[in-house]
*Asks:* 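Got a structure here, written out as structure tokens. Questions coming.
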Protein chains: 4
Amino acid sequence: MKKTKPKYRQIIDAAVVVIAENGYHQAQVSKIAKQAGVADGTIYLYFKNKEDILISLFQDKMGYFVEKIEEKIAGKEKAAEKLLVMVESHFSMLSVDRHLAIVTQLELRQSNKDLRHKINEVLKGYLALIERILFDGRESGEFSADLDIRLARQMIFGTMDETLTTWVMNDQKYDLTALAEPVHKLLISGCGKP
Amino acid sequence: MKKTKPKYRQIIDAAVVVIAENGYHQAQVSKIAKQAGVADGTIYLYFKNKEDILISLFQDKMGYFVEKIEEKIAGKEKAAEKLLVMVESHFSMLSVDRHLAIVTQLELRQSNKDLRHKINEVLKGYLALIERILFDGRESGEFSADLDIRLARQMIFGTMDETLTTWVMNDQKYDLTALAEPVHKLLISGCGKP
Amino acid sequence: MKKTKPKYRQIIDAAVVVIAENGYHQAQVSKIAKQAGVADGTIYLYFKNKEDILISLFQDKMGYFVEKIEEKIAGKEKAAEKLLVMVESHFSMLSVDRHLAIVTQLELRQSNKDLRHKINEVLKGYLALIERILFDGRESGEFSADLDIRLARQMIFGTMDETLTTWVMNDQKYDLTALAEPVHKLLISGCGKP
Amino acid sequence: MKKTKPKYRQIIDAAVVVIAENGYHQAQVSKIAKQAGVADGTIYLYFKNKEDILISLFQDKMGYFVEKIEEKIAGKEKAAEKLLVMVESHFSMLSVDRHLAIVTQLELRQSNKDLRHKINEVLKGYLALIERILFDGRESGEFSADLDIRLARQMIFGTMDETLTTWVMNDQKYDLTALAEPVHKLLISGCGKP
DNA sequence: AATGAATGAGAATTCATTCAT
DNA sequence: CATGAATGAATTCTCATTCAT
């Protein structure tokens, strides 16, 4: 399995750094190779093409995200609590990896429609996790019986995403993790009065 | 004033069509010129460069959005009602212009960081409108007194944006306008029980 | 005769200024038109094309040069004296028109081979004048009987030209007219000892 | 060192041929690449840009000139003799490379002011060589004690340059090397009688 | 497995010139 | 005579990918 070889990870990690520091369109394969300490041609022994590096990068990181979050919510009972843990984990993981935050929130979005469809495929795992939490919450009576799970998932993901992107566009200059709790509260109760 | 000349609009409209049908990276200036029925060089009598076409396009459309929405909410009293009108208008305007929806939700995001920062400047007018509604709603006691306006704005914009993008990524195959009301309800009351 | 109409001269003079200040390759027809205070299209009522402006400019100025110099040497008897007057006049006329000096010594040389051949045609009048002086000097015994007139003309013109170009390349920052006498002495006696 | 690789020379030599045969403005990079037998992109592995090819070409050839001339005058004692060798060498070297003569005397002068300033920097080595000969000749009493070295250098270079350019403009149809001796004589003794 | 020199397709922009008014 | 909006041809340079070593 190629994915376990050390150079595979070297290249993925190099790609995150190079894209974050140079931007998507200035992240040439040769730069990634240099950062990874390998020859240009070597990249193609581990990845089909440049797009494959980016998809693999996203799969790799997002897979780790979902895994970590699932671990953490395993012990929680309430859906609301699970959501809080999810938002906290997501925010916290991007807080500690500034490069990755830039890559996922800004740079990777500059990819073309084709690549974005593939990225969306990868995202489905995360979205399914959110929907599972919402479904459980509705079943248990914690959430409205008429909650539209798909829309609610779009609200939750859209809100987190917009919060993250705003934070990155503002050069990550405020504490993101402090926003997890109020964002969670908003998602649970909306703008209206309790 | 160049912006009022007929060729200015011809070119903007041609750009929307060409970008929507060919994708951002396949929208060459020569294609836009052909679609607009002018010579390549004519483009540069009306726009500084290719990026200027895209910014102008966004300014033009987004300016129209904000203007229309402001007109419609002018007569409304309740903040919640204003929000509903806003979501309805936004969804409805993109529903009737499939090309524009593709351009704003997918293609324009492939632009580089520089252009995206300029687009964000344009977006500020819209975001300010949302914040104004939230502020009025909080002042009038309609919304929670401790509502964090910035976060609430991020939730509203993020939710609409995610809903729109999902719709476009699914080839606009379901009725978007029907989602305005339930999305609005979600934004007002969140996932929790009323 | 078009050449006597005021706009003809306006355009020629505008061309000198625009080329001197912007350089040959940045001297667009539209800039010359603007400087001359006429519309772009008007240029083409007085000149066949852009190249025609440049040739006319050169003919105009060089014709004036030859005319002035011929006037001044008319009263002189000695060939050496005539040469001195010629060098003095040439240097002096370019000294008082900095723009023209830049145009003839630097900018017009950037034209293509074709245009340069036409410019050379115009130059022939000047070169013939030099050869006439040399011929007379040789006939009268003032110069060596075996003086190769063609080569001597190349020396005289080449030396003046190099002196002028060096002066312009050094931003015309020293007194050019003071060089006329020593240059003349050099041309008469060469590097050797008298 | 790139300058020693065979492709570096291939490209320089191809550039001389292409510029001489097509003219400066018709010497596209793709033509040079084709003539050199390499791909367009390969050019950019050896040269920063098109201008860099031209500067390198000039440096390369002019450096060779100065080197060869210095070798040849090393054994000579008299300054006048050194000058003769210099003129002979210069004329002879351009006589045997018709393409190069066209490029240095006509085509390279069409470059813009920026490139011409860089070319002038390269020329300084040659001009310094001339001044060194003149200085030695003046010190040894061979030349006038009051010889203005700067002006004399301008005469020498200007005369050679004009002679060369005239020869090239006349399609190199007479024997240039035969002119070295009479040109030298002119430079030493000027137009006056001995 | 690893290298890195070589490839070559692809696109924004300028500006001399025209011609309908 | 004069205008100036419109035209459209033409060229450098980048960079993902290959393949001989």
Side-chain angles (χ1 to χ4, degrees), chain A residues 2 5-8 11 25-34 36-54, chain B residues 2 5-8 10-11 25-34 36-53, chain C residues 2 5-8 11 25-34 36-54, chain D residues 2 5-8 10-11 25-34 36-53:
Chain A
K2 278 188 175 168
K5 298 205 178 173
K7 286 202 173 145
Y8 180 88
I11 294 167
H25 289 292
Q26 280 307 304
Q28 292 87 351
V29 171
S30 60
K31 255 185 207 156
I32 296 174
K34 195 170 194 178
V38 300
D40 294 17
T42 306
I43 299 267
Y44 292 86
L45 299 174
Y46 293 89
F47 299 91
K48 221 167 63 242
N49 48 35
K50 188 179 177 181
E51 185 176 304
D52 189 29
I53 307 177
L54 304 175
Chain B
K2 278 189 173 163
K5 296 197 178 172
K7 291 218 166 121
Y8 181 87
Q10 264 175 58
I11 294 166
H25 290 292
Q26 279 307 302
Q28 293 89 347
V29 171
S30 61
K31 257 184 205 155
I32 296 174
K34 197 170 196 177
V38 299
D40 293 17
T42 305
I43 300 266
Y44 292 87
L45 297 177
Y46 295 88
F47 300 91
K48 226 173 47 247
N49 48 37
K50 190 179 175 182
E51 182 176 304
D52 190 31
I53 307 177
Chain C
K2 278 186 174 169
K5 298 203 177 173
K7 283 201 176 147
Y8 180 88
I11 294 167
H25 289 293
Q26 280 309 303
Q28 293 88 351
V29 171
S30 60
K31 255 185 207 155
I32 296 174
K34 196 170 193 179
V38 300
D40 293 16
T42 305
I43 299 267
Y44 291 86
L45 298 175
Y46 294 88
F47 299 91
K48 222 168 60 243
N49 49 36
K50 188 180 177 180
E51 186 176 302
D52 190 29
I53 307 177
L54 304 176
Chain D
K2 277 187 173 165
K5 295 198 179 173
K7 291 217 166 121
Y8 180 88
Q10 264 176 58
I11 294 166
H25 290 293
Q26 279 307 303
Q28 294 89 348
V29 171
S30 60
K31 259 185 204 154
I32 296 174
K34 198 170 194 175
V38 300
D40 293 17
T42 305
I43 300 267
Y44 293 87
L45 296 178
Y46 294 89
F47 299 91
K48 228 172 49 247
N49 49 36
K50 190 180 174 181
E51 183 176 305
D52 190 30
I53 307 179

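The sequence lines fix the lettering, A, B, ..., with proteins before strands; numbering per chain opens at 1.
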*Asks:* Counting C-beta onward and ignoring hydrogens, is there a side-chain heavy-atom pair between Tyr46(D) and Ile53(D) closer than 4.5 Å?
*Replies:*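 SC-SC contact between Tyr46(D) and Ile53(D) ruled out.
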*Asks:* Now, which nucleotide makes the Watson-Crick or G-U wobble pair with dT14(F), with each of the two distances under 3.5 Å?
*Replies:*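 Across any shown strand, dT14(F) pairs with dA9(E).
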*Asks:* Once you round it to whole Å, what is the distance between P of dT21(F) and CG of Asp40(A)?
*Replies:*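 About 19 Å, once rounded to whole Å.
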*Asks:* Whole Å only: how far is the OH atom of Tyr8(D) from the C1' atom of dA5(E)?
*Replies:*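 So the two atoms are 18 Å apart, to the nearest Å.
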*Asks:* Once you apply a heavy-atom cut-off of 4.0 Å, does Lys31(A) come out as touching a base, just sugar-phosphate, or nothing?
*Replies:*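 Counting heavy atoms under 4.0 Å across all strands, no contact is made by Lys31(A).
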*Asks:* For dT7(E), does either OP1 or OP2 sit under 4.0 Å from a side-chain N or O belonging to Thr42(D)?
*Replies:*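 Affirmative; the distance criterion is met.
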*Asks:* Quickly work out the Lys34(D) NZ to dG8(E) P distance and round it to whole Å.
*Replies:*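 Lys34(D) atom NZ is separated from dG8(E) atom P by 12 Å.
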*Asks:* Scan every strand shown for a Watson-Crick or G-U wobble partner of dC15(E), both distances under 3.5 Å, and answer none if you come up empty.
*Replies:*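 For dC15(E), the partner nucleotide comes out as dG8(F), under the 3.5 Å rule.
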*Asks:* Hey, does Lys7(A) reach any base, or is it just sugar-phosphate, or nothing, if we go heavy atoms under 4.0 Å?
*Replies:*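 The answer is sugar-phosphate, as Lys7(A) gets under 4.0 Å only of primed atoms, P, OP1 or OP2.
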*Asks:* Do the side-chain N and O atoms of Gln10(B) and Lys7(B) include a donor-acceptor pair separated by under 3.5 angstrom?
*Replies:*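 There is no such pair (donor and acceptor under 3.5 Å, judged by atom type) between the side chains of Gln10(B) and Lys7(B).
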*Asks:* Looking at Tyr46(D), I'd like to know whether one of its side-chain N or O atoms comes within less than 4.0 Å of OP1 or OP2 on dA6(E).
*Replies:*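 For Tyr46(D), the contact criterion (side-chain N or O under 4.0 Å from OP1 or OP2 of dA6(E)) is met.
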*Asks:* Would you indicate what Val29(D) reaches in the nucleic acid, counting non-hydrogen atoms under 4.0 angstrom: base, sugar-phosphate, or nothing?
*Replies:*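 Answer is sugar-phosphate: Val29(D) comes under 4.0 Å of backbone atoms only.
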*Asks:* dC15(F), OP1 or OP2 - any side-chain N/O from Ser30(A) closer than 4.0 Å?
*Replies:*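 Ser30(A) to dC15(F) OP1/OP2: no side-chain N or O under 4.0 Å.
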*Asks:* Looking at Lys5(A), I'd like to know whether one of its side-chain N or O atoms comes within less than 4.0 Å of OP1 or OP2 on dA1(E).
*Replies:*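 Yes, Lys5(A) has a side-chain N/O under 4.0 Å of OP1/OP2 on dA1(E).
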